[in-house]
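Quick notes on the structure that follows.
Residue numbers begin at 1 in each chain, while the letters A, B, ... track the order of the sequences. All values reported here derive from a predicted model rather than from experimental measurement.
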Amino acid sequence: MNYWLLKSEPGSFSIDDLARAPRKTTCWDGVRNYQARNMIRDDMKKGDLAFYYHSNCEVPGVVGVVEIVREAYPDHTAFDPEDHHFDPKSDPENPRWFMVDVKLVEKFSRVVSLRELKEYADGKLAGFRLLAKGNRLSVMPVSSAQWKFIRSLSKGK
DNA sequence: GCCAACGTTGGC
DNA sequence: GCCAACGTTGGC
């Protein structure tokens with residue numbers, strides 16, 4: 001089983017939006033980066049767990065856990081000219097972008113903020129992709145050691 | 001294949 | 001709102 005981190009802007013779709021969604025499940029649409037696409041398409045498996053990360057907001061950080069409940073399938077929002085994520089270079093015959101479905105497992109009782117995670121950049125979280133300079137990936141792998149550590153932070157304080 | 005211009009991301 | 005970092009595009 002693999003662990004992941006998924007970024008979402010809470011202004012667009014927050015963990016509370018997910019909590020209110022039918023079956024607490026949503027399709028993770030709108031990924032338009034090839035590295036992220038490849039991980040979604042090739043490496044994300046049903047049953048994998050992912051941190052839900054709020055980006056571009058007042059307190060960026062990890063806010064909960066989701067489970068991958070459906071493996072990669074074409075991101076249909078790329079086919080819709082009305083959609084914000086429309087990409088004319090993707091078509092149903094030869095889809096360029098993919099998405100998975102995720103289900104809410106747990107919303108943390110507190111935010112594990114980016115600021116807090118950075119405190120461990122040279123220790124427990126050395127090498128964590130999220131903390132790498134200039135990192136902009138919206139989907140990234142998390143090692144099991146990193147997972148356990150961040151999970152323990154969420155339960156502390 | 002190079003690289004400048006441009007758009008996006010995302011912390012602050 | 002600013003701006004640095006990065007990815008993509010397209011002319012050559």
Self-check item: Nucleotide dA5(C), atom P - distance to CG of Leu137(A) in whole Å
Solution: 17 Å

Exercise. Could you tell me which residues satisfy ring-ring contact (aromatic ring centres under 6.0 Å, His included) with Trp147(A), sequence neighbours excluded, listed by chain and number?
Key: Tyr3(A), Phe51(A)

Quiz item: Are the side chain of Asp75(A) and the backbone N or O of Gly30(A) linked by a donor-acceptor pair below 3.5 Å?
Solution: yes

Self-check item: Reference residue Tyr52(A); test ring pair (Phe, Tyr, Trp, His ring centres under 6.0 Å); the match among Trp28(A), Trp4(A), Phe108(A), Phe13(A)
Solution: Trp28(A)

Quiz item: Hey, does the side chain of Lys118(A) come within less than 4.0 Å of dC12(B)'s phosphate (OP1/OP2), counting only N and O?
Solution: yes

Quiz item: dG7(C) C1' sits how many Å from Arg37(A) CZ, rounded?
Solution: 14 Å

Self-check item: Phosphate OP1/OP2 of dT9(B): any Lys7(A) side-chain N/O under 4.0 Å
Solution: no

Quiz item: Starting at CD of Glu116(A) and ending at P of dG11(B), how long is that distance when rounded to a whole Å?
Solution: 15 Å

Practice problem: Provide, to the nearest angstrom, the distance between the CG atom belonging to Leu131(A) and the C1' atom belonging to dA5(C). | Solution: 16 Å

Quiz prompt | Interatomic distance, Leu130(A) CG vs dT9(B) P [rounded to whole Å] | solution = 16 Å

Practice problem: Could you tell me the separation between the CD atom of Gln35(A) and the P atom of dT8(C), rounded to a whole number of Å? | Solution: 9 Å

Quiz item: Closest nucleotide of DNA chain C for Asn33(A) versus for Asn56(A): which of these residues is on the 5' side?
Solution: Asn56(A)

Quiz item: What integer distance in Å separates Leu5(A):CG from dG10(B):P?
Solution: 11 Å

Practice problem: Take the protein atom NZ of Lys133(A) and the nucleotide atom P of dC12(B), then report the distance between them rounded to whole Å. | Solution: 14 Å

Exercise. Output the single nucleotide from dC12(B), dG7(B), dT8(C) whose closest atom is nearest the side chain of Tyr34(A).
Key: dT8(C)

Quiz item: Is Ile150(A) close to Leu125(A) at the side-chain level, that is, under 4.5 Å between some pair of heavy atoms?
Solution: yes

